[in-house]
Amino acid sequence: MSMPIVDDAAKVLADPAAYTDESRLHTALSSLRANAPVSLVDVPPYKPFWAITKHADVMAVERANQVFTNWPRPVLMPAASDEMQAAVGIKTLIHMDDPQHRIVRAIAADWFSPKSMRAMGERIEQLAVRYVDQMRDAGGECDFVQEVAVNYPLYVIMFLLGVPEADFPLMLELTQELIGSDDDEYKRTMSETETMTALAEMFAYFKTLTDSRRANPTDDLASVIANATIDGEPLSDIETMSYYAIIATAGHDTTSATIAGGMRALIEHPAQREELAADLGLMSRATEEMIRWVTPVKAFMRTAAQDAKVNGVPIAEGESLLLSYASANRDEEVFDDPFRFDIHREPNKHVAFGFGVHFCLGAALARMEVGKFFAELLPRLKSAELAGEPELIATTFVGGLKHLPIRYELS
Ligand code: HEM
């Protein structure tokens, strides 16, 4: 192994709690970008990894997708979970490399294209209206994360998958049980048997859905997945489940976190909020800035398939790299005044959706969900202020606010 660059700052990237304190996190990340943009981090329970913190280096690694692969370590997890993942065999898009990745991604790619997303616009708008109405009915005070931001994207994704509305509460329960978290408030204390039961229930649910869409295809995403073929064969049960799982998980917390963090930014910048409410034509730029500002996916990982170099630093075959989107999106070499929230920011070449062949499949959907929500909310919002301390979730992967107490007047 090459000479490790010993730098305490890099340890924040292996510390879920660091993400609950943005000033601590960003002080460390800024120092890494300036002094050690490719640093080795060796902190149990994680296997060692190289922290990549410059925007240009993140893009270069993603672009070289033959050299730096997603398999076997796409996400930072404790070493024991790395081993378990390899053993269990669930392989979603984020675990795959070309040529398999290209073939499997193509199954849903058209369905997620900006054009087909526009066709979903009306239904998503109705859901946005429903959640803004609920906010109004909450009577002028709520925890915006728990009561609004968490629910709306889950309902959108369930609706797109084709899960009947009566089953949404069951899905919410099962996904919350199954998706553990580094945050104490969300840690599940389920026994192995309980976890297996929840998993089996989820599989059984999606198996029934798949069978029904094979018998009677409709126009939802479940029908696309259920009736897809690779080399003339339908997807196996495990492949089908993996597809549902990646869409349900990737499409939920990411968008929730963006809407919650976007709301907080607009409360803290009232002049920009008023300007946006008065001119919804600014919404697409504002949406992009909210996504950069929040950067809900903190990082993905790659593993070197051969000896290579990143920004002059040698990386040996088999070593992993953590691409810090949180850092890249505050890179002062790419963004003017990166710590300023600015709905007019242009250009805004953030990497919150990643880059290259794995670029977020749901980007058009996410942009539409965020844009339509604020386009409904802002013209109706007469006032909004914080009603308590916002709290961030402890994570090294996906997250943002977990509580945002607010007080508001809404028509
Ligand atoms: C992949 C971010 C919303 C589905 C990704 C990646 C990032 C990301 C960073 C990895 C890209 C890379 O490796 O280069 C986000 C953000 C979102 C969001 C910031 C919200 C603001 C969604 C939604 C969906 C979705 C709504 C859809 C249901 C996916 C899928 C992948 C992915 C399926 C895997 C793509 C692949 O590996 O080929 N996303 N995402 N995402 N996202 Fe999103």
Side-chain angles (χ1 to χ4, degrees), residues 58-59 61-66 68-71 74-75 90-124 153-154 156-163 206 209-210 213-214 217-255 258 284 287-288 291 296-297 300-302 323 325 349-372 398:
V58 168
M59 301 239 309
V61 170
E62 296 225 34
R63 196 178 285 119
N65 64 311
Q66 307 284 333
F68 300 108
T69 60
N70 277 46
W71 185 257
V75 174
I90 289 209
K91 246 187 141 185
T92 72
L93 283 175
I94 62 164
H95 303 92
M96 293 178 192
D97 295 292
D98 284 347
Q100 186 194 19
H101 171 258
R102 190 182 318 130
I103 295 165
V104 175
R105 182 170 163 121
I107 291 172
D110 271 356
W111 205 85
F112 276 105
S113 69
K115 184 161 165 263
S116 51
M117 283 302 116
R118 276 196 292 277
M120 304 285 163
E122 205 176 314
R123 183 70 182 118
I124 292 173
L154 183 76
V156 171
I157 201 71
M158 290 300 149
F159 156 72
L160 296 179
L161 269 174
V163 171
F206 280 116
L209 187 66
T210 303
R213 293 305 190 270
R214 283 190 180 145
T218 56
D219 60 359
D220 53 33
L221 187 54
S223 300
V224 173
I225 296 168
N227 295 295
T229 55
I230 295 181
D231 295 332
E233 296 292 323
L235 303 188
S236 67
D237 283 353
I238 193 98
E239 287 167 333
T240 312
M241 292 313 142
S242 300
Y243 228 123
Y244 288 134
I246 185 71
I247 285 169
T249 52
H252 182 203
D253 292 358
T254 48
T255 316
T258 306
S284 64
T287 297
E288 231 44 66
I291 294 169
V297 178
F300 262 105
M301 299 187 82
R302 298 292 187 266
L323 310 176
Y325 301 128
K349 293 188 179 311
H350 68 75
V351 282
F353 289 122
F355 180 71
V357 297
H358 285 275
F359 180 81
C360 177
L361 190 59
L365 171 61
R367 288 172 166 137
M368 194 162 87
E369 275 183 69
V370 175
K372 287 202 181 297
V398 175

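Please read these numbers as outputs of a predicted model, since none were measured by experiment.
- Donor-acceptor pairing under 3.5 Å is lacking for the side chains of Thr258 and Thr255.
- Using a 4.5 Å heavy-atom threshold, the side chains of Asn65 and Asp97 count as separate.
- When all heavy atoms are compared, the tightest approach of Asp220 to Gly162 is OD2-CA, 3.4 Å.
- Going from atom NZ of Lys372 over to atom OG1 of Thr287 covers 10.5 Å, rounded to the nearest 0.5 Å.
- In plain terms, the two heavy atoms of Pro74 and Phe300 that are nearest each other are O-CD2, 3.2 Å.
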Derivation of the side chain to side chain contact (heavy atoms under 4.5 Å, CB included) call for Leu235 and Thr229: CA-CA 6 Å; Leu235 303 188; Thr229 55; over 6 Å; no
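- Scored by the salt bridge (Lys or Arg N to Asp or Glu O under 4.0 Å) test, Arg102 finds Asp98 as partners (sequence neighbours excluded).
- Side-chain contact check for Thr218 and Arg213: at least one donor-acceptor pair (N or O, by modelled atom type) lies under 3.5 Å.
- Remark: of the listed residues Leu160, Leu365, Ile225, Ile225 is the sole one forming a side-chain contact (heavy atoms from CB on, under 4.5 Å) with Ile247.
- Arg302 has a carboxylate O that lies under 4.0 Å from a charged side-chain N of Glu62, or vice versa, which qualifies the two as a salt bridge.
- Seen from the ring of Phe159, Arg123 counts as a face-on cation partner, given the 6.0 Å and 45° thresholds.
- Side chains of Phe355 and Arg63 form a contact here, defined as non-hydrogen atoms less than 4.5 Å apart.
- Annotation: side chain of Leu323 is not in contact with side chain of Val351 (no heavy-atom distance under 4.5 Å).
- For the atom pair CE of Met241 and CG of Asp237, the computed distance is 5.5 Å after rounding to the nearest 0.5 Å.
- Looking only at distances, a side-chain donor or acceptor of Glu239 sits under 3.5 Å from a matching main-chain atom of Ser236.
- With values rounded to the nearest 0.5 angstrom, Phe112 atom CZ is found 9.0 Å from Met120 atom CE.
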Check against salt bridge (Lys or Arg N to Asp or Glu O under 4.0 Å), Glu288 and Arg367: CA-CA 8 Å; Glu288 231 44 66; Arg367 288 172 166 137; 3.0 Å; yes
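- Nearest approach of Ala364 to Pro114, heavy atoms of both residues: CB-CA, 3.9 Å.
- Two residues are said to be in side-chain contact when any heavy atoms from C-beta on lie closer than 4.5 Å; Thr92 and Thr249 fail this criterion.
- Residues Asn70 and His358 form a side-chain contact, since some pair of their non-hydrogen atoms from C-beta on lies under 4.5 Å apart.
- In this structure, Phe353 CZ and Ile291 CD1 are separated by 3.5 Å, a value rounded to the nearest 0.5 Å.
- Looking only at distances, no side-chain donor or acceptor of Ser223 sits under 3.5 Å from a matching main-chain atom of Pro217.
- Closest heavy-atom contact between Ala226 and Arg214: O-NE, 2.8 Å.
- In this structure, Met117 and Met368 approach most closely via the heavy-atom pair O-CE, 3.0 Å.
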Full working for side chain to side chain contact (heavy atoms under 4.5 Å, CB included) between Tyr244 and Leu221: CA-CA 9 Å; Tyr244 288 134; Leu221 187 54; over 6 Å; no
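- Residues His101 and His95 place their aromatic rings such that the two centres sit no closer than 6.0 Å.
- Looking at every heavy atom in both residues, Tyr243 comes nearest to Arg105 through OH-O, 3.6 Å.
- Distance check: Ile107 CD1 to Leu361 CG gives 11.0 Å after rounding to the nearest 0.5 Å.
- Between Phe206 atom CZ and Ser242 atom OG the span is 12.0 Å, to the nearest 0.5 Å.
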